[in-house]
Amino acid sequence: MDAAAPAHPSPAVPWYLASISRISETFLCRSKGSDSIESRYSCGPTVYDHAHLGHACSYVRFDIIRRILTRVFGCNVVMAMSITDVDDKIIKRANEMNVTPASLASLFEEEFKQDMAALKVLPPTVYLRVTENIPQVIAFIEGIIAHGHAYSTAAGSVYFDLHARGDKYGKLVNTVPSATAEPGDSDKRHSSDFALWKAAKPQEVFWASPWGDGRPGWHIECSTMASEVFGSHLDIHTGGIDLAFPHHENEIAQSEVFHQCQQWGNYFLHSGHLHVKGTEEKMSKSLKNYITIKDSLQDCRLSGRSLLDSCSHCCFDSIAEPSRGPKGKQDLPLRCDLYGGTTDPVHILHKGLLNRVTQLPFWSKDFLKTFSPDVFRLFCLRTNYRSAIEYSDSTLVEAKHLLLGLTSFVEDARAYVKGQLTCGPVEEDVLWERLTNTKKAVKAALANDFDTPRAVNTILDLVHHANRQLRAVSKEASGPRSPTVFGAIISYVEQFFETVGISLANRQCVSGDSSTVTLRCVVDELVRFRLKVRQYALDTPGAAGEARKRQLQERQPLLEACDTLRQDLITHGINVKDRGSAASTWELLDPRTRHQKPGD
């Protein structure tokens, strides 16, 4: 890495304020053939509860950076994300719910992925679950022990020896670790040593290891899984600022010892916290001040057991023994007559029982019913990814109005290009110059530590000046038109926002679940109207013989129009089925079967 940064980073490549050296450095992409490759590891969720907007903000910000690296600077980002599917919180919550940790983790992992998809966050190249990498974790710990930087205890735990690391520890935050409590184990050599392997406790999931039954510590999982995919060299590591210490600091220590290298990760990117307006607190579950991404939750202070005891519809079998890992005993089944007598705990959780037994925040709401994913993404774009960001309805409303303004400009400009909007003379040369300068300024901003606020403001300035020239006049305007420059501006503005994951096209749909409801209502009305037309064409009361034949022939074009409509709807994935002459129904087709015959 460079020892110093230039005063004005070149827009040809991105520059970044490094976490380790604390100076601006250029991103150095490795070349594989004609491709520039960036290996990226992201600390993913611990899947024991619902994701909230604080999580969403971090993942959206890093998704924006990934898109910029890929689409603006041409880097091929190979990304791995961890899924922590076993840890203290998961075990505690699973015990409260009387289900296996695996069932609980599976449910919330799937919900997390759905939330990310709803927020238009691109999936990683690969997800890595801790429980699927236990042998690799054990081998990684053995390597650290072999290099003299870890030790096992009589109780069966393994700890990283910080004293052996010496002054090499603290690359990210220059912090000397304080004593950390490890309940139930007094065999640590130093109070600041951290766990690589935790000895099994009664009624906890465990795996066999050379040191006895147990499970991985928190930090070792990420070092192991990142190394499994990327080896001894990692380009980019991302996570929230709260992970810089001790998590990322400990990852660096573990990985550099295992790989015997001077520097394991080149760039650590840390996103700032999402704060609730008017407080200094970050949004978090522990502070009970969070807003979930999709689920509309209610206040509930009941414990799991007290609620189950109060439910007269349910009969839950008691648990005999927790899961003992891949080959261990499984929990006895739950049974809940309220949900059809199912014994599948994941099914029970999906039916809403989990929302009732989990301690929930005093206030919460369904965010995506109020604001669209594009509005939230624009909200995130307006601050630097490393900065704290303040959440409030007013800041989201402001982002919503900005997005509506952008959409309105694009629609008006497109109408002008098509000749549907009559305007006075346009200063074409001025607009071409502004467009050229905007492109240069935006790329320079993105190359300077991904300065999205400056890039967005530059775009808004271009839109403001272009919009001022779209002055509609009531009569036919004289003089030449300038559709090409507005076409170029539309193309650039849409391309920029598409690059960062925001679509300015097709904004007629309402965001969230209501768009689906609206679509279904429209199709229902269309099918009903078609049915009435079809019934009229087939109904010939009082006519017989030649008179009836003549009426049917006269109405044949109506039936042909009904058939044509049905065929046309199939191309859009909607299959209309005529149930005789009394009723018609419709269904959404699987994309793989859209070309089936109508009515099949």
Side-chain angles (χ1 to χ4, degrees), residues 46-48 82-105 128-165 169 177-225 227-228 246-247 249-251 253-255 257-258 319-331:
T46 300
V47 283
Y48 75 101
S82 65
I83 299 288
T84 300
D85 57 349
V86 60
D87 87 328
D88 295 338
K89 293 176 181 178
I90 294 173
I91 293 170
K92 181 177 182 292
R93 179 62 53 79
N95 288 338
E96 292 172 352
M97 294 303 305
N98 205 12
V99 297
T100 63
S103 295
L104 186 80
L128 302 169
R129 298 185 186 94
V130 176
T131 57
E132 296 176 352
N133 287 272
I134 300 300
Q136 294 88 336
V137 169
I138 292 172
F140 204 95
I141 294 172
E142 288 177 325
I144 296 175
I145 292 174
H147 290 303
H149 281 70
Y151 57 91
S152 60
T153 69
S157 294
V158 179
Y159 291 94
F160 188 92
D161 188 348
L162 275 181
H163 280 211
R165 182 68 174 162
Y169 188 87
S178 59
T180 55
E182 297 287 347
D185 194 318
S186 58
D187 288 347
K188 287 200 300 182
R189 293 178 184 172
H190 316 292
S191 60
S192 57
D193 293 347
F194 58 88
L196 303 179
W197 186 260
K198 295 184 175 183
K201 298 178 182 178
Q203 307 300 309
E204 279 192 357
V205 60
F206 63 75
W207 287 263
S209 81
W211 318 287
D213 294 338
R215 56 186 172 85
W218 174 28
H219 315 297
I220 193 66
E221 65 188 51
C222 288
S223 291
T224 300
M225 294 190 296
S227 296
E228 278 296 304
H247 185 51
E249 198 72 76
N250 290 348
E251 279 187 66
Q254 295 165 158
S255 300
V257 168
F258 179 85
I319 186 171
E321 191 169 309
S323 170
R324 293 295 185 180
K327 298 182 181 179
K329 295 177 69 174
Q330 299 295 316
D331 292 353

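Computed from a predicted structure; not experimentally measured.
Rounding to the nearest 0.5 Å gives a distance of 12.0 Å between OH of Tyr169 and NE2 of His163. The OG1 atom of Thr224 sits 9.0 Å away from the CG atom of Leu196 when rounded to the nearest 0.5 Å. For the atom pair CD (Glu251) and CD (Glu221), the distance works out to 8.5 Å, reported to the nearest 0.5 Å.
Taking 4.5 Å as the limit, every side-chain heavy atom of Thr153 sits out of range of all side-chain heavy atoms of Lys188. Counting heavy atoms from C-beta on, the side chains of Phe140 and Ser223 come closer than 4.5 Å. Inter-residue side-chain proximity for Ser209 and Ile138 is flagged as met; some heavy-atom pair is nearer than 4.5 Å. Using a 4.5 Å heavy-atom cutoff, the side chains of Ile90 and Asp87 are in contact. Contact annotation: the side chain of Thr84 never approaches that of Tyr48 to less than 4.5 Å [non-hydrogen atoms, C-beta and beyond]. Side-chain contact between Ile134 and Pro216 is present, with heavy atoms from C-beta onward closer than 4.5 Å.
Classification of the His149-Phe160 ring pair by plane angle, with boundaries at 30° and 60°, yields tilted.
The salt bridge (charged side-chain N to carboxylate O under 4.0 Å, His left out) contacts involving residues 208-220 comprise Asp88-Arg215, Glu204-Arg215, where partners must be two or more places apart or lie in separate chains.
Considering every non-hydrogen atom in both Ile145 and Tyr151, the closest pair reads CG1-N, 4.5 Å. Nearest heavy atom pair, residue Trp197 against residue Gly156, reads CD1-O, 3.5 Å. Taking every heavy atom of both residues into account, Asp187 and Ala155 meet most closely at OD2-N, 3.6 Å. Nearest heavy-atom pair, Ser152 versus Trp211, reported as atom, atom and distance to 0.1 Å: CB-CD1, 3.7 Å. Shortest non-hydrogen contact noted between Glu228 and Asn133 is CG-OD1, 4.4 Å. In terms of heavy atoms, Asp161 sits closest to Arg189 at OD2-NH1, 3.7 Å.
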For this session: Given side-chain contact (heavy atoms from CB on, under 4.5 Å), test Gln203 with Ile91 step by step and report yes or no.
Result: CA-CA 9 Å; Gln203 307 300 309; Ile91 293 170; over 6 Å; no
For this session: Take Val158 and Ile220 through the side-chain contact (heavy atoms from CB on, under 4.5 Å) test and state the conclusion after the steps.
Result: CA-CA 11 Å; Val158 179; Ile220 193 66; over 6 Å; no
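For His219, the side chain to side chain donor-acceptor pair (under 3.5 Å) criterion is met by His247, Asn250, not counting sequence neighbours. Residues satisfying the side chain to side chain donor-acceptor pair (under 3.5 Å) test with Arg165, not counting sequence neighbours, are Glu256.
Between the side chain of Ser157 and the backbone N or O of Ala199 there is at least one donor-acceptor pair closer than 3.5 Å. Looking only at distances, a side-chain donor or acceptor of Asp85 sits under 3.5 Å from a matching main-chain atom of Thr131.
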